[in-house]
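We name chains A, B, ... by the order of the sequence lines, and we start the count at 1 in each one.
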Amino acid sequence: MKFRIPPQLIPLFASVAVLVALYAGGCLAFAGFTSPRVVINLFGDNAFLGVAAVGATFVILSGGIDLSVGAVVALSTISIAALLDHGTSPLIAIVVVLTGGAAFGAFLGLLIHWFELPPFLITLGGMFLARGLGFAVHAESLGITNPFYGDTIGGLARPVAHVTTTSGRLQTLTLPFTAQCFLAVVLLAALAAKWTRFGRNLYAIGSSETSARLMGVPIGRTKVLVYTLAGFLSALGGVVATFYMQSGNPASFVGLELDAIAAVVIGGTLLRGGVGFVPGTLVGVLILGIIQTLINFKGDLNTWWTKIAIGGLLLVFIMLQQTLSRRRRG
Amino acid sequence: MNVLFSLVFWSALAVGLFFSWRKPVFWPLLALALLLLFNQLFTDGFFRVEIRDGHLYGTLIDILNQGAKVMLLALGMTLVIATGGVDLSVGAIMAISGAVLAQRFVGAGWSPSLAIAGALGLSVLAGAWNGVLVAILRVQPIVATLILMVAGRGLAQLITDGQIITFENPALVYMGNGFLLGLPFTLTLVLVMLGVTALLTRRTALGLFIEAVGDNETASHFTGLPARQVKFIAYVFAGLCAGIAGLVAASNIKCADSNHAGLYLELDAILATVIGGTALTGGRFYLAGSMIGALLIQTLTQTLYMRNVSADIAPVPKAIVILAVCLLQSPKLRERFASLNRRKAPA
């Protein structure tokens with residue numbers, strides 16, 4: 001029996017190869033790159049993007065698109081900061097924001113499904129709406145001073161590695177709570193996509209909505225659920241971002257939706273829908289993060305190289321997918 | 001003078017509405033008219049137009065001048081959407097165009113006309129890049145143009161080395177701020193481009209080809225239409241329009257700001273096109289509708305500005321317009337209304 005790699009897995013393997021190559025290149029080029037701290041920061045710094053990108057993965061798998069990600073994340077951060085500023089307990093604030101995010105997503109999903117409207121335009125409207133609402137909640141950046149944020153969240157960091165500092169002392173490195181959230185979301189989402197009826201319906205709709213309808217897949221329920229989930233995960237991304245930044249800002253995260261979509265595509269999910277993997281998005285987010293880290297390490301490279309590099313990677317992966325899907329058809 | 005002006009303006013609008021009755025342009029025009037009526041009644045000074053140094057000044061003139069960028073973008077976007085595609089990269093192309101203009105003129109010492117040619121040349125090239133991806137390599141339009149949307153702003157910063165390059169040359173400043181026959185020069189630019197586009201698409205077969213390709217690419221291919229070339233041309237044209245809009249944007253503020261030039265304007269252009277009656281699914285297009293759509297967006301922005309609504313909250317009304325327009329154009333909603341009417345009609 002000959003072993004063949006399933007064609008839909010090739011982009012995923014390619015992403016992993018790129019990630020490994022980038023990491024190896026970084027290790028060879030920079031002395032400090034081999035430190036476990038780099039890997040830990042990679043997860044911690046990109047956690048909010050990762051959580052939001054998982055939501056984007058679901059939407060894209062269903063054949064849709066969500067442009068409201070960045071605005072919803074920003075709205076969530078400022079809502080939490082404002083609620084805490086008014087003296088609300090942190091847990092209640094988080095629950096309120098997560099519920100709000102899910103409701104917002106459900107609203108967009110209902111519009112898309114009921115009136116058969118293009119997701120592109122509806123989520124564009126959602127983007128403007130959330131952005132404006134964020135400024136309506138509080139027009140400026142607002143710091144979070146609640147002790148829950150400093151102590152409780154800080155205390156949830158888990159020790160994962162030990163390094164010897166230059167002064168010879170043994171130091172324990174901890175995985176921040178944000179990174180734990182990110183990993184937990186990826187794990188749960190991967191299980192949901194693979195093992196639940198909802199996940200299977202998602203792939204069916206993304207591949208061909210007509211066929212899915214004929215097979216009796218509940219199109220409406222699945223679609224509304226997918227946008228609800230995306231709204232929820234964007235809000236969760238916002239919550240994670242407040243853990244990370246200790247503040248809320250209505251003007252932040254402009255264009256985060258593009259990073260999320262780029263991470264999804266680089267992670268091997270077809271933008272046409274129906275083909276892709278949640279763990280691929282994890283890899284995509286890490287690739288974006290490692291490019292940023294490399295450029296930071298290099299020091300003399302300017303930030304705009306990040307955008308050009310991401311654009312170049314997008315091109316490579318889209319071309320790869322294009323060739324693969326054509327070969328399968330032909 | 002102002003009473004007379006208002007009288008002429010409203011009669012013209014009424015005539016326009018009368019002749020567009022039952023045409024797709026009617027609804028956006030009606031929305032524009034209603035928004036203007038609101039301002040006529042409730043916003044002080046909205047319709048005040050005065051002549052200073054032989055130039056017209058006033059809010060309405062500002063709308064035309066500021067709306068020019070989106071009108072230019074919407075021209076190219078309309079043709080692209082008509083082929084069943086979409087171009088997300090026009091905002092980034094604007095940034096590239098402005099960056100080339102300023103860098104070539106200030107940094108490399110080119111003459112203004114040469115710098116303009118260089119900027120437009122690179123914009124056309126950017127459009128051709130999108131065209132190759134979509135038409136030849138058959139990448140989905142959203143994905144194909146996403147590449148340049150992400151990378152384009154980086155390229156623009158690469159060209160200007162991350163600096164904001166300012167220029168004072170009168171010819172370059174004229175493009176975005178000058179007046180011709182008392183009206184802003186940008187308006188002339190829009191009218192010329194609109195005229196050329198309308199002539200090329202409605203007086204030659206090109207428009208028909210575009211609609212055919214957008215309606216059913218396979219069928220038009222088998223009918224013998226050069227489907228790929230038609231798509232390619234649409235993206236190149238969108239690149240050119242974006243380039244011109246980029247020149248206007250840079251000239252407006254007398255500098256090339258790669259971070260902010262044309263930011264989110266691709267979304268405005270798509271919105272203007274959709275408001276104008278061109279469906280995202282392609283197959284039909286309405287140039288006049290897109291222009292009215294662009295004016296509607298700009299009038300809304302200006303209205304909020306004149307009524308002291310904070311610029312930060314301004315996205316909310318815009319979102320409501322998007323959602324309302326989408327709902328109005330939803331075939332599903334029309335179906336429901338149609339079935340309601342049928343029930344009411346005597347059997």
Enclosure of A:Phe297 CZ (heavy-atom neighbours >12, cutoff 6.0 Å): yes
Heavy-atom neighbours of B:Trp129 CH2 exceed 12 at 6.0 Å: no
Which heavy atom in [X] sits nearest to a heavy atom in [Y], and how many Å separate them?
| X | Y | result |
| --- | --- | --- |
| A:Lys307 | B:Val150 | CB-O, 3.5 Å |
| A:Gly132 | B:Pro315 | N-CB, 4.0 Å |
| A:Gly125 | B:Ala319 | O-CB, 3.2 Å |

When A:Leu117, A:Leu129, A:Leu314 are compared by non-hydrogen pairs under 4.5 Å with chain B, the top option: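 Heavy-atom pair counts peak at A:Leu117.
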Most chain B-contacting option - heavy-atom pairs closer than 4.5 Å, from A:Leu313, A:Val254, A:Leu133: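 Most heavy-atom pairs within the cutoff with chain B belong to A:Val254.
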With a 4.5 angstrom heavy-atom cut-off, which part of [X] approaches chain A: side chain, backbone, both or neither?
| X | value |
| --- | --- |
| B:Leu280 | side chain |
| B:Val274 | side chain |
| B:Asn259 | side chain |

Straight-line distance of [X] [atom1] to [Y] [atom2], nearest 0.5 Å:
| X | Y | atom1 | atom2 | result |
| --- | --- | --- | --- | --- |
| A:Arg131 | B:Tyr264 | CZ | OH | 6.0 Å |
| A:Leu271 | B:Ile142 | CG | CD1 | 7.5 Å |
| B:Ile147 | A:Ile318 | CD1 | CD1 | 4.0 Å |

Contact leader toward chain A among B:Val86, B:Leu155, B:Leu88, B:Thr281, where contacts are heavy-atom pairs under 4.5 Å: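 Sorted descending by pairs with chain A, the first entry is B:Leu155.
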Side-chain touch [X]/[Y], heavy atoms, less than 4.5 angstrom:
| X | Y | answer |
| --- | --- | --- |
| A:Leu315 | B:Leu133 | yes |
| A:Trp305 | B:Gln157 | no |
| A:Leu270 | B:Gln140 | no |
| B:Ile270 | A:Phe120 | yes |
| B:Thr160 | A:Trp304 | no |
| A:Phe128 | B:Ile320 | no |

Positive for side-chain contact (heavy atoms from CB on, under 4.5 Å) with B:Leu323, one of A:Leu121, A:Leu124, A:Ile122: A:Ile122
Set of side chain to side chain contact (heavy atoms under 4.5 Å, CB included) partners for A:Asn296, sequence neighbours left out: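 By the side chain to side chain contact (heavy atoms under 4.5 Å, CB included) rule, A:Asn296 matches A:Gln292.
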A:Ile261 portion near chain B, given a 4.5 angstrom heavy-atom threshold: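 Only the side chain of A:Ile261 comes within 4.5 Å of chain B.
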Evaluation steps, side chain to side chain contact (heavy atoms under 4.5 Å, CB included), between A:Arg272 and B:Val143: CA-CA 9 Å; A:Arg272 202 180 300 122; B:Val143 189; over 6 Å; no
B:Leu327 vs A:Leu111, side chain to side chain contact (heavy atoms under 4.5 Å, CB included): CA-CA, chis, key distance, verdict: CA-CA 8 Å; B:Leu327 283 178; A:Leu111 282 179; 4.2 Å; yes
